Structures are given as C-alpha cells and as structure tokens.
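Presented below is the structure to which this report refers.
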Amino acid sequence: MSEYTTQILIIGSGPAGYTAALYASRSGLNPILVSGSQIGGQLTITTEIENFPGFAESITGPELMENMRKQAQKLGVTIVDDKITEVDFNKHPFVCTSENGNTFTAQTVIICTGSSARWLELPSEKKFIGFGVSACATCDGFFYRNRPVAVVGGGNSAAEEALYLTNFASKVYLIHRRDTMRADAVMQQRIQNNHKIQIIWNTVIEEVLGTENPLGVTGLKLKNVKDDTVSKLDVDGLFVAVGHHPNTDIFKEYLNLDANGYIITAPDSTATNIKGVFAAGDVQDPKFRQAIISAGTGAMAAMEAERYLTSLEKE
Ligand code: NDP
C-alpha cells in the first residue's frame, strides 16, 4: 500500500490513457497512470489493426498497446498496474483509492476508463473472440471480403455494423431476438433496402461453431424463439452488437452522465462538470469508439489539464 501524490492522475490504459500520459509527461508534469484490470484496454482483444496510422504492415492490438505502454514508460510516465475503485471529487486535491489499497492524491484527473462491449456470454463466443467473433465492424470488417457474416442485435449499432459490412461481405445476416428492431426508422429503412442484408427475426444464437486448427468460425447454431426450431447458418464471422457499457460506475456520484452512462464533456473539450476532472476516449464517446479518436481526445485532455494547472498557479 502506497500513497502517491501527483499533478496529473490518469485512470485507464487504452489509447486515450497512454496518449494523455505521454503528452503530460512531455510537458514535465510527471503523470501517474493507473492501468485498470484490463491492461491496454479493448484493443488487447482484437487481432490485426489496419486503420491506426503509422503501421504500413499493420499491427496487432496487443502489440500496439504494448508499444504505447513502452513509449509512455520511456518518456517517464509512472505506471501503476492497479484498479481505481473509489474517487472523491468533493475535495481538491482529488483523492482516488485502488483495489490494492493505494491512495492517489492529484491536482487533476483524466478519466480514460473506456467502455466495454456487451457479449452474448456464450462459452463458444468467448473462444472465438479475435478469431471470427468481433465487436467492431470498422476494425475487422475488412477481413471478410466476399465472405458471409452475421451481426447480432437490433439497435443502431447492429444496423450500422450490418450496413458497414455490406462494403466487404458477400452476405450479411442480421440476427435479432425479437420481431421489431429498436434501431432508428431511417436505419431500419436502409437495412431493408440493402439487398445484401437478410434479417433473421425471433432468433437467438445458441452456439458459435468453428474449427480448432486453425481457430476460426464456420457457422452458428440458431434457435427460433417462437417455435424452438434449431438450424445452422454458415458464416465466417460474427459481429456482436448488443450494446456497450461505459465504465463510469465509480464516477456517477460526481459527474454528469448521459442516459446511457457516458460522461458528458463540454463541446470541443474534454472538461467534465468538475473543474480539474477531464474525460477522454470511449468513456465519453458513444458515437465513434475508435482508437485513433481516443488517442486524439487523450492528447486534448492532457493539454487541457496542463492549462488548468497553470490557472491554479496564478490563483
Ligand atoms: P442498444 O441497447 O440500443 O441495442 C442493443 C440491441 O442488442 C437490442 O436490440 C437488444 O435487443 C439486443 N440485445 C441485447 N442483449 C442481447 C442478447 N443477450 N442477445 C441478443 N440480443 C441482445 O445498443 P446499441 O449499441 O445499438 O446503441 C447504444 C446507444 O447508442 C443507443 O442509444 C443508440 O441509439 C446509440 N447509437 C447511435 C448511433 C448513431 O446515432 N449513429 C450508432 C450506434 C449507437 P432488444 O431490442 O430485444 O432489447
């Protein structure tokens, strides 16, 4: 158990967290980054990444995040592999405590705790994550050129993922557990007008089917919830779009959140409703959810935190 004191505490180790940390470190602010339990964040469960600029030969998610960590360390960031479990934003400096009993007292806090994709929670789904099962069509859709894929879900994310995938896939099956979608009417119209998309209503996925060596998806075992009939659907990939939940539980007592639990930041800014507390990355971005955008807002947060610290000195 240790007591840390810092000018900038960064919570989270995805692209937003590491970028905020290296910007803050280069400004001479000696930041501390607390990594959270999933070190490297959501990208560590993806395989190849082709849309993060700077990698002509592409890079895997775990490699990219390891590089970001090493870069932050090289620039002098103190990284503590621990999870913040409680914050007190009522007093300043802010106090955050961790799972391992560490205390962090900080002049500014940058929250980069991200969001987590919801999954179907099937054992077979877990087995193929990164090997045919994905929660991000923008990240992985490109690998399914001229191949059949399925999307599960009935909200705007599922609709967007299905439409995006028609740019690559030969056929996109949209599997939904009810007979109506909750996606916006305009999205539903687009889906229905797209000849590559076939909606499979009233259906749940019972199992993801695939091969062991090499590990890969070959199909889905489906069950119609109206008549209990079971069928097999041949697809090479499954995109799970059953929602995300932002990791904001420990902040909700202090920060303004939107209806879905995302932190609300000021327009064109990472500032939250508490002065000195900033939020970057997916935790405040229900719309784009991309690594490059998270990195960008991480840089913004570090610059805004630095300005805030300068304003404190002048007081
Ligand atoms: P939603 O919560 O809107 O939809 C989740 C979908 O997944 C629902 O259709 C739900 O079914 C289904 N579902 C949930 N759990 C399971 C399960 N275990 N098995 C099968 N299906 C399941 O999440 P989204 O990510 O789509 O959207 C989140 C928010 O972000 C929404 O407010 C949305 O409008 C917004 N958004 C906006 C976009 C835009 O404006 N461009 C793009 C993407 C999202 P059921 O309907 O039966 O509950």
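Because the structure is predicted, anything quoted here is derived from the model rather than measured. Indexing begins at 1, ligand by ligand and atom by atom, following the structure's order.
When the options Val242, Val204, Val152 are ranked by their closest heavy atom to atom 7 (O) of ligand 1, first place goes to Val242.
The pair Lys171-Asp234 does not count as a salt bridge, with every side-chain nitrogen at least 4.0 angstrom from each carboxylate oxygen. Salt-bridge check for Glu212 with Lys127: passed, with a basic side-chain N closer than 4.0 Å to an acidic carboxylate O.
At the shortest separation from atom 8 (C) of ligand 1 among protein heavy atoms lies Arg182 NE, 3.5 Å. Taking atom 36 (N) of ligand 1 as the reference point, the nearest protein heavy-atom neighbour is Asn156 CB, 3.8 Å. Given atom 29 (C) of ligand 1, the protein heavy atom at minimum distance is Asn260 ND2, 3.9 Å. What sits closest to atom 47 (O) of ligand 1 on the protein, heavy atoms only, is Arg178 NE, 2.6 Å. Looking from atom 44 (C) of ligand 1 to the surrounding protein, the closest heavy atom is Ser157 OG, 3.5 Å. If you check which protein heavy atom lies closest to atom 19 (N) of ligand 1, you get Leu120 CD2, 3.5 Å.
Ligand 1 places these atoms under 4.0 Å from at least one heavy atom of Gly243: 23 (O), 25 (O). The distance from ligand 1 to the heavy atoms of Gly154 drops below 4.0 Å at these ligand atoms: 6 (C), 7 (O), 8 (C), 9 (O). Under a 4.0 Å criterion applied to the non-hydrogen atoms of Glu160, ligand 1 contributes the atoms 39 (C), 41 (N), 42 (C).
Within a 4.0 Å radius of atom 42 (C) of ligand 1, the protein contributes one or more non-hydrogen atoms. Within 4.0 Å of atom 2 (O) of ligand 1, not a single protein heavy atom is present.
Contact analysis puts His176 in contact with ligand 1, with a non-hydrogen atom separation below 4.0 angstrom.
To the nearest 0.5 Å, atoms CD (Glu86) and CD1 (Ile250) are separated by 8.5 Å. Distance check: Cys136 SG to Gln290 CD gives 5.0 Å after rounding to the nearest 0.5 Å.
A pairwise comparison of heavy atoms in Gly281 and Thr297 identifies N-OG1, 2.8 Å as the closest pair. Between Val283 and Pro246, the closest heavy-atom pair is O-CB, 4.4 Å. Phe128 approaches Thr211 most closely through the heavy-atom pair CE2-O, 3.7 Å.
Considering backbone and side-chain N/O of Arg177, one or more are found under 3.5 Å from N/O of ligand 1.
For the pair Thr203 (side chain) and Trp201 (backbone), a donor-acceptor distance under 3.5 Å is present.
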**Item:** Verdict with reasoning, Tyr144 to Phe239, per ring-ring contact (aromatic ring centres under 6.0 Å, His included)
**Value:** CA-CA 11 Å; Tyr144 294 90; Phe239 288 84; 5.5 Å; yes
